[in-house]
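Read through the structure below, which is laid out as structure tokens, and then see the notes.
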Amino acid sequence: MQVTSAIRADIQTPVSISPVSGGIAAVAKVHDIADACDNMALRIYQTPVQHLPEDLYVPPQAFAIWLEQFAGPLDFLLYLVKKNNVDLTQMPILPITEQYLAYINELNAEHFELAGDYLLMASTLIAIKTELLLPTPQTPIDERDPKAELIERLEAYAQIKSASQRLDNLVRLERDVFLAMVSMPNQDIMQAELPSYSPNLLIDSLFKMQLMPGYHMKMHTVKTDAVPLADRIVSISRQLSTDGARSFYELLDKTQGKIGVVVSFVAVLELMKRQLVGVVNADNIAGSHTSNQLNELTLEWLA
Amino acid sequence: MAMVDNAKQDNSKQTLSVSLEQQDEAINKHETISRHIEVLLHASEAPITANVLKKYLSLSTQELQQALEILQARLKNGVLSLNETASGYRLQITDSYSPLIQRVFPQRQERLSQALLETLSVIAYKQPVTRSDIEYVRGVTLSSNILRQLFDKGWIIENGYKDTLGRPALLHTTPQFLDAFGLTSLEQLPPMPDMESIKAIS
Amino acid sequence: MAMVDNAKQDNSKQTLSVSLEQQDEAINKHETISRHIEVLLHASEAPITANVLKKYLSLSTQELQQALEILQARLKNGVLSLNETASGYRLQITDSYSPLIQRVFPQRQERLSQALLETLSVIAYKQPVTRSDIEYVRGVTLSSNILRQLFDKGWIIENGYKDTLGRPALLHTTPQFLDAFGLTSLEQLPPMPDMESIKAIS
């Protein structure tokens with residue numbers, strides 16, 4: 001009950017949330033929101049909205065799973081627009097932005113593989129919101145109205161989404177109708193002797209498969225705890241406390257792929273926050289002239 | 001006069017019987033051709049066009065047409081049907097048996113994810129497009145797995161480059177894409193929903 | 001007496017007509033079953049054993065036997081034949097058409113597609129595997145046609161089930177696979193490439 005009401009308050013309250021810290025690490029503080037909830041409510045063009053759609057209340061643990069049902073931030077925004085019962089062209093950008101950010105806030109570190117595209121959209125929304133809140137400049141600006149551009153993108157996306165559903169409704173081979181398969185005439189009649197193949201054909205095929213662009217990226221789209229953050233924190237702590245200092249690159253487990261790099265980075269940030277780890281100042285490293293290079297990021301154990 | 005008449009009659013009888021024999025032969029010939037077509041359709045990995053059939057079996061357009069009609073009539077009593085797709089003729093199991101197949105071999109029923117369908121739709125409706133065009137429309141980073149699946153199915157190809165920075169490859173749909181969705185041309189794609197109905201979303 | 005006789009006669013007439021109707025029904029029923037078998041043989045990746053057919057279609061041994069006979073009789077006039085192999089029944093193009101196939105598709109036998117080779121490699125190196133194991137490693141859905149080709153060549157068999165949801169069949173390579181690739185045992189398969197060295201090359 002406690003949790004559910006917290007989320008509800010979160011949605012109704014236009015709390016400013018920094019998208020990066022909110023998206024990756026921070027979890028809404030229950031009492032702050034409860035306080036704010038008393039004096040603020042969701043408004044759509046000056047009209048206070050008392051009743052939010054029922055299905056907006058999602059228990060936090062189910063949130064990431066629920067968000068995975070959306071094809072992306074545009075799909076999710078479209079859902080919010082629909083749930084607010086408004087015409088797309090009349091989209092009330094402020095409340096929708098608040099709702100969007102409130103949800104994204106629930107995306108904690110365990111689900112950050114979802115976050116990238118959602119955070120990008122959050123920054124777009126915040127930029128639009130900022131523009132709307134600032135006094136309108138007297139001199140007209142040549143730049144395109146970002147809100148109009150967002151609405152255009154939403155429309156274009158809604159159109160493609162709907163077209164994709166129409167495409168899916170067509171009678172499709174290997175779902176609704178099936179090819180007839182038959183075997184060839186007897187091998188020995190078709191060919192006097194069996195063709196012989198080199199076993200290297202097999203190896204070559206594996207080479208080709210693994211060299212396909214993005215083959216390894218695919219291997220790491222594995223869900224949730226492919227690379228648990230806690231494990232990374234423990235492993236990095238152990239390595240640093242033993243060796244004193246190591247480069248970030250050395251701390252990576254190469255078998256974990258791109259996701260592993262991101263998790264390791266978050267783990268390092270977390271350790272820095274706990275003041276267990278610090279960055280070695282490149283100037284202090286004797287003879288170092290490569291301080292600008294990212295791969296020279298060296299970390300040391302402080303505890 | 002009577003003799004001449006008789007001769008005439010005989011003549012016409014003969015002509016008749018010859019033409020009947022010829023007709024028989026013609027029927028047999030077309031029946032044989034229709035069997036050869038059936039064999040080739042079974043043996044081919046992809047649909048076969050009328051032109052290829054004509055070339056391989058040395059047929060005139062008319063002969064092919066008649067043989068295809070005979071084939072269709074013969075298949076009517078069985079469980080298969082002859083279908084014409086964008087890339088030619090193929091044999092498929094008659095629709096009415098689909099539920100049986102779906103029940104016994106559920107693994108043959110391919111489901112496509114929303115992400116894949118959306119990506120495919122952007123390519124189909126807006127082709128030629130680049131990867132970043134797709135990402136812009138969908139608002140999501142394009143997973144390489146989705147493109148790999150579409151390439152693997154032979155539904156899309158890269159053809160040409162866009163004249164912008166980095167010269168990104170342009171993606172198009174293929175005839176196999178049309179085949180899979182039972183279309184004979186891109187014009188047969190379901191119409192894009194019009195903007196007015198999209199805007200009035202609620 | 002006469003009345004009784006009449007009654008008897010009526011009775012026997014009725015019995016006769018009932019049994020005739022039953023026979024008709026039975027023929028129709030077996031005809032339908034034979035068509036269902038034909039459909040499943042066309043749709044199955046692997047040959048189907050008699051036991052599996054009985055299970056899928058809820059048939060008694062006798063019903064299956066009668067339906068198979070009807071199917072065989074119906075096929076006699078066409079280009080396919082019902083073929084019983086060690087691993088079950090399958091439909092096969094009649095041998096007499098092999099010259100035609102060889103003339104039109106001379107490459108049909110030798111050419112192995114990249115998708116087929118990848119699938120075969122995954123089975124060879126990671127056996128026993130399920131269909132979804134292959135899909136996981138390759139990152140794309142497995143086409144039924146490829147599995148069918150591997151079964152047809154006799155290079156893979158189904159043997160046993162994985163103890164997970166749906167009890168998927170486990171795939172293994174066969175001695176014929178070893179023969180075709182000139183190996184005497186699986187230990188002779190070339191060692192799996194070391195990915196680090198591959199990355200260094202590319």
Side-chain angles (χ1 to χ4, degrees), chain B residues 31-46 48 52-53 55-58 71 74-75 77-81 91-113 116 143-155 176 180, chain C residues 31-32 34-46 48 52-53 55-57 71 74-75 77-80 91-94 96-105 107-109 111 113-116 118 130-132 135 138-149 166 168-169:
Chain B
E31 175 69 30
T32 306
I33 296 171
S34 83
R35 277 157 200 270
H36 287 185
I37 294 173
E38 192 180 349
V39 166
L40 293 184
L41 292 177
H42 272 307
S44 171
E45 282 162 352
I48 313 183
V52 169
L53 283 175
K55 197 188 89 189
Y56 284 143
L57 299 171
S58 316
L71 175 57
R74 187 168 68 244
L75 290 174
N77 303 316
V79 300
L80 303 183
S81 60
L91 291 173
Q92 66 190 43
I93 301 170
T94 307
D95 303 1
S96 54
Y97 293 107
S98 292
L100 174 68
I101 298 167
Q102 288 155 351
R103 175 171 67 78
V104 176
F105 302 114
Q107 74 273 17
R108 265 198 86 172
Q109 243 185 311
E110 261 179 30
R111 303 209 178 278
L112 304 179
S113 69
L116 186 137
S143 110
S144 55
N145 193 29
I146 287 179
L147 276 190
R148 185 165 145 82
Q149 285 202 52
L150 291 173
F151 279 119
D152 194 77
K153 287 176 183 299
W155 289 355
Q176 285 104 296
Chain C
E31 175 69 30
T32 306
S34 83
R35 276 158 199 270
H36 286 185
I37 294 173
E38 194 179 349
V39 166
L40 293 186
L41 292 175
H42 272 304
S44 175
E45 291 151 355
I48 317 182
V52 170
L53 278 175
K55 197 189 85 188
Y56 284 151
L57 298 170
L71 175 58
R74 187 169 63 241
L75 289 175
N77 304 316
V79 302
L80 302 180
L91 291 173
Q92 173 174 327
I93 299 174
T94 307
S96 56
Y97 291 105
S98 46
L100 172 70
I101 297 171
Q102 266 185 322
R103 177 167 66 78
V104 176
F105 304 113
Q107 298 302 309
R108 185 75 169 82
Q109 289 288 293
R111 207 193 57 245
S113 70
Q114 168 70 9
L116 182 139
E118 279 179 22
T130 65
R131 193 190 164 97
S132 63
E135 292 182 338
R138 296 192 56 229
V140 292
T141 47
L142 185 53
S143 99
S144 299
N145 208 14
I146 285 175
L147 274 189
R148 171 86 184 200
Q149 285 181 51

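All values below were derived from every heavy atom in this structure, side-chain atoms included, with hydrogens, water molecules and symmetry-related copies excluded. Here the structure is a predicted model, which is why all the values come from computation and not from measurement. Below, chain A is the first sequence line, B the second, and so on; all start at residue 1.
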Region of [X] that comes under 4.5 Å of a non-hydrogen atom in chain B:
{"X": "C:I37", "value": "neither"}
{"X": "C:L40", "value": "both"}
{"X": "C:R35", "value": "both"}
{"X": "C:S44", "value": "both"}
{"X": "C:Q114", "value": "neither"}

### Message
Can a donor-acceptor pair be found, under 3.5 Å and without considering hydrogens, that links the side chain of B:R148 to the backbone of C:G139?
### Response
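Looks like no, no N/O pair under 3.5 Å.
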### Query
Does B:L100 reach the side chain of C:L57, with side-chain heavy atoms less than 4.5 Å apart?
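With C-beta onward as the side chain, the pair touches.
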### Task
Compare all side-chain heavy atoms of C:R74 with those of B:N77 and state whether any distance is below 4.5 angstrom.
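Result no, sub-4.5 Å side-chain heavy-atom pair not found.
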Hey, could you give me the [atom1]/[atom2] distance between [X] and [Y], rounded to the nearest 0.5 Å?
{"X": "B:E110", "Y": "C:L142", "atom1": "CD", "atom2": "CG", "answer": "9.5 Å"}
{"X": "B:Q107", "Y": "C:T141", "atom1": "CD", "atom2": "OG1", "answer": "13.0 Å"}
{"X": "C:Q92", "Y": "B:H42", "atom1": "CD", "atom2": "NE2", "answer": "12.0 Å"}

#### Entry: Contacting region of B:K153 [heavy-atom separation from chain C under 4.5 Å]
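For B:K153, side-chain heavy atoms alone lie under 4.5 Å from chain C.
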### Task
Look at the aromatic rings of B:F105 and C:Y56 and report parallel, tilted or perpendicular, splitting at 30° and 60°.
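It falls in the perpendicular class, over 60°.
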### Query
Based on non-hydrogen pairs under 4.5 Å, which of B:L80, B:I101, B:T94 is most in contact with chain C?
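Winner by heavy-atom pair count: B:L80.
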### Task
Search all heavy atoms of C:S144 against all heavy atoms of B:R108 and return the closest pair with its distance.
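For C:S144 versus B:R108, the nearest heavy atoms are OG-CG, 3.1 Å.
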